[in-house]
Each structure stands twice: as C-alpha cells, then as structure tokens.
Trainee: 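To start, I am sharing the structure in question, which I have written as structure tokens.
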Amino acid sequence: MRIPRLLQAILVLAGVYFGFIVVFDYILEAVIPRSLLTMYMFFVTAGVFMVFTYDEDQTRELVAPIKAMVENPQYRMIRNVVFTIIPLLVGFGVYTKMRPSFDAPIELRTIHPAPPSTAQIFGRRVNLLELQNPFRKFEKEDPEQFAELVAEGATVYIENCQYCHGDKLDGKGPYAEGLNPTPLNFQDIGTIAQLQESYLFWRITTGGPGLPSEAAPWISSMPVWQNFLEEDEIWKVILFLYDYTGHEPRSWGHE
Amino acid sequence: MGARMMGVLSIRNVLRGVLTAGILALLPNVTLAQASDEENGEVIYAKRCLQCHGEDGDGLGPAAERLNPPPRDFTLGMFKFKTSAFDDDIANDADLIRMIRDGMPGTAMPGWSDMLSEQDILDVIAYIKIFADLGEEAELQLDYGTQVTSSPESIAAGKLLFEDGERCTECHGLEGKGNALKKLKDDNGDRTWPRNLTKPWTFRASNDPKDIFTRISVGIPTTQMPSFADPKSKKKLTIEERWNVANYVASLAKTEQVVHPDNFVVQASRVEGTLPVTPEDELWGTAPSSTFIMVPQIVGQDRFFTTANDTISARALYDDDKIAILLEWDDRTQSIPGDPKAISIADEEIFQDAVAVQFPQSMPKGMEKPYFLMGDAAKPVNLWRWSSGTTEDPETATIIDAIGINNQVTREGHAGLSASGSYKNGTWRVVMTRTLKTGSPENDLQFEEGRFVPISFFAWDGSNSEVGTAHAMTTWYWLQMTPRASSKPMVYAIGSGLLIFVILLWWGRGASSRRQKSA
C-alpha cells in the first residue's frame with residue numbers, strides 16, 4: 001500500500017525533529033536549545049512544504065485528505081475531534097510561551113573561532129598565517145637546548161597558568177570550577193592537538209578580550225598574556241604544552 | 001624519641017639489613033628492580049613534581065610564593081596528613097600514597113591517580129624520601145579504639161569538649177569557621193590558617209569522622225594544629241572523647257550554603273510588606289540562597305594570587321520600589337584599620353573588608369555582556385560597593401562606574417543605594433538596597449520583574465592585604481526578580497484558542513455548504 005502524501009510529509013518532519021534530539025541530546029550529549037530547534041524546524045517545514053507542493057497534482061494529493069475530512073460528512077466525527085484539538089493545542093502553546101520563565105538564558109559560543117589573518121600583538125601587526133614558533137627547529141637540531149627551552153616553558157606555566165588549566169594540563173586547576181567557560185583541557189585531543197602553534201600564540205597573547213564576538217569575549221577569563229609575559233616566554237610555554245601532553249602541533253605541511 | 005625506641009629501631013634495621021641482604025643474594029635481579037624504582041621515581045618527579053616541590057625537594061619551586069599553602073618541603077622529612085602516632089615523626093607509606101593519589105583539596109596539590117600507576121606512586125615516594133634520608137618505617141601507630149558512631153548525644157558531648165577551655169575554639173573559632181584571634185605560622189615561618197570546619201570540601205583529608213579523629217589525635221605536623229592524644233597536653237582527650245569531638249566537627253558541615261555547580265541564578269522573591277534592612281531579619285529565610293565560588297583576581301593588572309575568601313552566598317528580595325540583596329561570606333578576620341587587635345592578626349598592612357556586586361550599566365542587547373572583570377569601554381558596569389569602616393569612619397556604600405579594572409570612577413552621591421553589614425563568628429552579612437528605577441537610567445541599571453540580569457560578586461579581605469585590584473571575584477551569574485503569578489497567560493491562551501476554533505468552524509461550515517451546493 002502506498003503511504004498517503006500527507007502522512008509522508010508528517011513522517012519526514014517527525015523524523016527530522018526526533019533525529020535532531022537523538023543526535024544532539026543523546027549522541028553528542030550537548031542538549032540542543034529548544035529555541036534553536038524551533039528555528040531549524042521552521043526551515044525544515046518550509047522546505048518540506050515546498051517539495052511536497054512542487055506541482056498542482058502533488059499539491060492536490062497532499063491536501064486531499066484534509067479536504068475530505070472537512071467536506072465529507074462521512075468523516076464528521078474525525079473533523080469534530082480535530083477541530084477541538086487544534087484550538088486546545090494553540091491555547092496551550094500560547095500559555096507556555098507567555099508563562100514566565102525561570103531558566104537562565106542559554107549562551108552559545110564558538111570555542112575555537114577562526115583566527116584573523118593578522119593581529120596587533122606586542123605593538124606590531126603580526127601575520128598569523130606565516131607565524132612560526134622560533135624555537136621549534138631546535139627539537140631536531142639541538143635536543144639538549146630544546147629540553148632546556150621546554151623546562152623554561154614549564155616554569156612559565158607553573159607560575160602563571162596552572163591555577164586554571166591545572167598542573168596536569170587537564171583544565172582542572174584549583175580555580176577552574178569558579179570560571180565559566182571552564183579552562184581548556186590540553187590533554188584532550190580536541191584542543192591543542194588540532195591547532196597550530198600560531199593559533200595558540202594568538203589565543204595566549206590576546207586572551208579572552210581578543211576573541212571575536214561569536215566566541216563571547218566578555219566571559220572568557222583567559223588573561224591577555226602580552227601584558228604579563230615576554231614574547232619568548234610565550235613561545236616556550238607553547239613548547240611545554242606540546243611536550244607535556246605528548247601532542248604534536250598541527251603544521252602547515254599537513255594541509 | 002626515647003632510648004628504648006631507638007633500641008628497637010636499630011634492632012629492626014639490623015634485622016631488615018640481614019633479611020634484605022639474604023634475599024638479594026638469592027635474587028640478584030631484585031637489586032636491579034629496586035634501583036630502577038628510584039630512577040623511575042626521579043623521572044616522574046622531574047616531569048610532574050619538580051615545578052612545585054623544587055629541584056632539591058625544598059618546596060621552593062618557581063610558583064611557591066603564589067601558592068597558599070606553599071608546596072611541601074621534603075627535606076624536612078615531615079608530612080602533614082599521617083596516621084602514625086603523634087610521637088612518631090615518620091609517616092606511613094600509605095599516608096603518602098593517599099595524598100599523592102587523591103590530592104589535597106583546597107591546595108594546588110592535585111590527585112595523580114589518572115596519570116600515575118600505584119607502582120609509579122611508590123617509586124616517586126621512594127625518590128622523595130631521599131631528600132630527607134628517610135629509611136625507617138613508622139614504629140608507633142595510632143590507636144583508634146572503638147569508633148563511637150555519630151548520635152545527637154555524641155555530638156553534644158563533642159561540642160562541649162570543642163569549646164571547653166577554648167580547646168579548639170582558640171584557633172577554629174566558636175562556630176568552627178577558623179576565625180582565629182591569633183596569627184599562626186608553620187615551622188617554615190609561613191602563615192597558616194586554621195581550617196574553616198564548616199567547609200568540608202577544603203579538608204585535605206576528608207571530613208569523615210575517622211579522618212577527623214586522626215587529625216585530632218595526631219595533629220598536623222609542622223603546623224600549630226596540635227595532637228590531643230599527647231599526654232603532656234593540658235587539653236588532651238581520651239579516645240572516646242576524640243570520637244565525640246570528631247562527630248561534632250563532622251556535623252558542622254554547611255548544608256544550605258554549598259555550591260551547586262548547575263545553579264547560575266539568584267532568585268529574588270517578592271515581598272508584600274517592607275523589605276528587610278538588617279542582615280538579621282527573619283524575612284531572609286524566605287529567599288533561596290545561592291552560593292558561588294570566588295577566585296583570585298589573576299586576570300587584570302596587579303594580579304593577586306592568595307586571596308582569603310573562597311565562596312559567597314547571595315539572597316535577594318524586592319517590593320514595588322526597591323531590591324535588597326543579602327551577601328554572606330566567611331572571613332576569618334574582621335579587618336578594622338586603627339584597631340590594635342585587628343592590626344595584630346592582620347598580614348602586613350590592614351585595610352577595610354569590602355564586598356561589591358557588579359551589574360551591567362544597562363540591560364545587554366542580545367547576549368553580549370560587559371567584560372566580566374569590571375566592564376569595557378563599549379559596555380560599562382555599575383559596582384555597588386560596601387566597605388566595613390575603620391575605628392574612625394563608619395561603613396560606607398558607594399557606586400563605582402567602571403569601564404575596565406584600571407578605569408573605575410567612584411560616583412558622587414549614591415543614587416538610592418544603601419548598605420549595612422554585621423560580623424559575627426567568622427561571617428560577614430551585608431544588606432544592599434537600591435531603588436528599582438533611578439533618576440538617571442543612562443547611568444544605572446533599571447530593574448524589571450522577570451528579566452534576567454547579569455550579576456557578579458567581588459570581595460576584599462583587608463587583613464590579607466586585599467585592596468584595590470587585589471580581591472576575590474566570581475564570573476557572571478544571573479539575578480531574576482521572580483515574576484508574580486498573573487492571569488495574563490491564561491487569558492491570552494483561552495482567547496487565542498477560541499479565535500482558532502471560530503475560524504475552523506467558519507471554514508467547516510463554508511466547506512460543507514459549498515459541497516451541498518455542488519451536489
């Protein structure tokens with residue numbers, strides 16, 4: 001038996017709706033805000049409507065069951081039920097919309113926003129696309145000196161960063177719980193392992209206030225480290241981050 | 001240590017030496033394994049511990065000055081949280097394993113169980129011991145007797161002993177908040193603070209009565225926390241008494257004012273009568289209390305790493321014209337500049353205690369808030385600030401307009417703000433009241449029922465040299481004036497439902513009459 005087109009449309013919409021919920025809330029475990037879901041569903045509904053009313057025959061087929069229900073006395077019973085349920089649903093919808101909300105507004109933010117191509121750092125305009133860690137070359141050329149640089153980076157880290165990012169670099173420093181957003185976990189493969197050293201340099205030197213607005217710079221507690229550290233110290237602490245976690249920075253070569 | 005004990009020790013050592021020698025002779029590869037233990041320990045130490053505990057194990061890593069308490073000095077060979085008897089200086093390996101594995105809450109010392117295996121931990125302990133030439137094992141163990149299970153009677157008995165002759169109150173204060181009237185130093189000369197016993201999440205070991213019993217019996221070596229099992233102590237306690245005190249201390253844990261990590265909102269309840277003006281008013285009991293973590297100001301200029309205040313609780317009430325906010329936080333010291341007693345327990349220079357709430361100057365459009373640390377040029381903030389006063393000057397309430405931590409201006413006049421505070425047994429309670437609307441909406445946030453307003457908190461402990469940009473603070477949270485129940489949503493719901501119903505009826509009618517016509 002062929003599924004009536006109206007039912008098809010309804011099934012598609014329900015599928016998309018519950019698909020979103022399953023993927024976000026259960027698989028990704030990042031509950032999708034209901035306002036966002038409503039917006040998505042608005043577009044999906046519009047799309048489905050357009051597809052299902054592509055030409056006149058299809059349109060007629062789509063609305064045929066509705067027409068039949070309203071006009072055909074045979075379906076009077078169903079019509080009466082539908083005509084009672086719809087106003088009740090609308091009333092309920094209006095009520096829930098107008099009822100005062102006690103849930104704090106949800107703030108969405110991008111965690112690793114795209115970097116600008118240049119940024120004002122240490123009083124000069126730095127081209128982030130070409131920027132390299134000046135000490136990285138010693139890793140191969142002079143391992144002994146490299147180890148020393150890493151150790152100096154470790155000192156910078158313990159004096160300045162461990163309070164929030166933790167001395168295990170796991171984002172669980174003594175003050176991490178008091179911050180929102182919480183400090184990044186460098187051990188996680190989703191953070192520095194995915195980034196280039198120049199990106200880290202940009203994030204460290206310009207801190208929270210240097211973020212673009214989609215990343216909510218006003219709540220990030222990351223300090224503006226160019227106010228506290230020397231340029232060399234920042235490159236060394238970057239060496240330390242990769243050395244301690246065993247991650248490799250992403251390099252231009254790989255892309 | 002008495003001569004008898006020395007005797008026992010040396011016999012033991014000889015025995016152990018003979019035994020080990022015998023075993024080593026039989027199993028030559030054990031020597032290798034043992035040697036590499038310490039080597040592995042050294043590697044782990046160099047990578048994971050040296051930065052804090054120092055290359056020579058002296059606790060003088062580069063961050064020592066910025067940590068309170070500072071990292072342990074291993075060259076002393078003394079450990080704080082041990083279960084061997086008070087008169088045996090040597091800690092059990094099990095004690096060290098526990099501190100390294102689980103970490104020490106309230107300090108920078110994390111737990112290492114996710115990074116180091118049991119064996120790694122044993123190896124690093126073997127290495128740490130070298131700094132103080134520790135070889136022997138503890139001889140005398142703590143006698144736990146039979147545990148007295150907690151009961152109202154045991155707690156009551158414990159409370160009497162806790163307060164009797166100022167046994168514990170001398171340092172921990174009447175309600176156990178660590179509000180000492182003494183300046184305490186550890187053996188290294190570093191300032192130590194008696195624990196706030198109402199905040200069990202800051203206990204290095206847990207607040208399980210057994211752990212508390214251990215601390216009371218053993219004391220905390222190298223600090224002024226004494227042993228109450230020591231027969232020489234004038235305030236010594238029997239085993240049973242120590243269990244009673246332990247049960248009492250465990251009962252001190254705060255239950256209402258604890259941090260709920262998923263709570264971001266201070267709900268302001270509506271009051272029909274008059275708003276409370278004093279912190280003691282019973283009406284505050286009707287407003288839910290929200291507690292938030294405070295962190296040191298280490299983001300803006302003149303970073304300050306060792307703040308004393310770590311949490312703050314807020315309640316709020318409002319009526320037709322005003323909103324009142326009650327702030328409560330534990331502060332070990334009432335800082336009164338000019339007062340000799342307050343000066344004697346203060347760190348260096350003494351300043352007033354102070355607290356502030358921060359609001360955006362105007363309601364943010366969309367989700368953009370002002371920068372959490374005192375705003376920015378595009379989005380200024382209002383700070384309502386209360387200072388405790390000195391022996392000469394009374395407490396004050398001021399409004400500060402800020403566009404960044406280096407750009408704060410104290411306003412002339414206080415735009416309808418008033419504040420008053422009181423200090424009791426280690427807790428400050430401050431009420432701030434302001435009108436919901438002010439005469440200058442371009443300078444002041446205007447409150448509206450139901451709206452979520454960003455709010456954050458700042459606190460200064462004047463006895464801990466906290467002044468200006470040296471303070472503790474929170475990130476942004478929300479304040480909502482809980483809206484009144486109203487019939488509006490219901491009226492609109494019924495109205496729109498009816499409207500739709502009429503439209504549908506009309507459609508149905510039209511359709512069937514069309515059909516009849518065409519039939």
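Residue numbering restarts at 1 for every chain, and letters A, B, ... go by the order of the sequence lines. Worth saying up front: this structure is predicted, and the values here are computed from it rather than measured.
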Trainee: Quick check for you: among B:Val502, B:Leu505, B:Leu504, which has the greatest number of heavy-atom pairs under 4.5 Å with chain A?
Mentor: B:Leu504
Trainee: How about the chain B/chain A donor-acceptor pairs under 3.5 Å, what are they, with distances?
Mentor:
| residue | atom | partner | partner atom | Å |
| --- | --- | --- | --- | --- |
| B:Lys47 | NZ | A:Tyr244 | O | 3.3 |
| B:Arg48 | NH1 | A:Tyr244 | OH | 2.8 |
| B:Arg66 | NH1 | A:Glu159 | O | 2.8 |
| B:Arg66 | NH1 | A:Asn160 | OD1 | 3.4 |
| B:Gly111 | O | A:Lys168 | NZ | 2.4 |
| B:Asp114 | OD1 | A:Lys168 | NZ | 2.9 |
| B:Asp114 | OD2 | A:Lys168 | NZ | 3.4 |
| B:Arg303 | NH1 | A:Asn160 | OD1 | 3.0 |
| B:Arg303 | NH2 | A:Asn160 | OD1 | 3.2 |
| B:Lys369 | NZ | A:Glu107 | OE1 | 3.3 |
| B:Lys369 | NZ | A:Glu107 | OE2 | 2.8 |
| B:Phe372 | N | A:Trp218 | O | 2.9 |
| B:Gln480 | NE2 | A:Ser101 | O | 2.8 |
| B:Arg515 | NE | A:Glu71 | O | 3.4 |

Trainee: In terms of heavy-atom proximity below 4.5 Å to chain B, should A:Leu88 be classed as side chain, backbone, both, or neither?
Mentor: neither
Trainee: Please classify the contact of B:Met115 with chain A as side chain, backbone, both or neither, using a heavy-atom distance under 4.5 Å.
Mentor: side chain
Trainee: Can you tell me how far CG of B:Leu67 sits from CD1 of A:Ile158, rounded to the nearest 0.5 angstrom?
Mentor: 8.0 Å
Trainee: Please look at B:Ile494 and chain A and tell me whether the side chain, the backbone, both or neither of the residue comes under 4.5 angstrom of a heavy atom of that chain.
Mentor: neither
Trainee: Among all residues two or more places apart in sequence or in another chain, which pass the side chain to side chain contact (heavy atoms under 4.5 Å, CB included) test with A:Ala176?
Mentor: A:Pro183
Trainee: Between B:Val265 and A:Ala104, which heavy-atom pair has the shortest distance, and what is it?
Mentor: CG2-CB, 3.7 Å
Trainee: Specify which of A:Val94, A:Val224, A:Leu89 makes the most heavy-atom pairs with chain B at under 4.5 Å.
Mentor: A:Val94
Trainee: Where does B:Phe501 contact chain A at under 4.5 Å (heavy atoms): side chain, backbone, both or neither?
Mentor: both
Trainee: Could you look at B:Pro370 and say if it's the side chain, the backbone, both or neither that has a heavy atom under 4.5 Å from chain A?
Mentor: backbone
Trainee: I'd like to know which of A:Pro209, A:Gly208, A:Gly166 tops the heavy-atom pair count under 4.5 Å against chain B.
Mentor: A:Pro209
Trainee: State which residues pass side chain to side chain contact (heavy atoms under 4.5 Å, CB included) with B:Ala316; sequence neighbours excluded, sorted by chain then number.
Mentor: B:Val266, B:Ala268, B:Ile325, B:Leu479
Trainee: Return yes when atom CZ of A:Phe49 has more than 12 non-hydrogen atoms of other residues, nucleotides or ligands closer than 6.0 Å, and no otherwise.
Mentor: no
Trainee: Who among B:Gly61, B:Ala46, B:Gly450, B:Pro110 has the most heavy-atom pairs with chain A under 4.5 Å?
Mentor: B:Pro110
Trainee: Of the listed residues (B:Ile293, B:Val491, B:Val299, B:Val259), which shares the most heavy-atom pairs with chain A below a 4.5 Å separation?
Mentor: B:Val299
Trainee: Which heavy atom of A:Pro87 sits nearest to which heavy atom of B:Gly497, and what is that distance?
Mentor: CB-O, 3.2 Å
Trainee: Of all residues at least two apart in sequence or in a different chain, which pass the side chain to side chain contact (heavy atoms under 4.5 Å, CB included) check with A:Val82?
Mentor: A:Met69, A:Ile78, A:Ile86
Trainee: Among A:Gly91, A:Pro73, A:Pro105, which residue has the highest count of heavy-atom pairs closer than 4.5 Å to chain B?
Mentor: A:Pro105
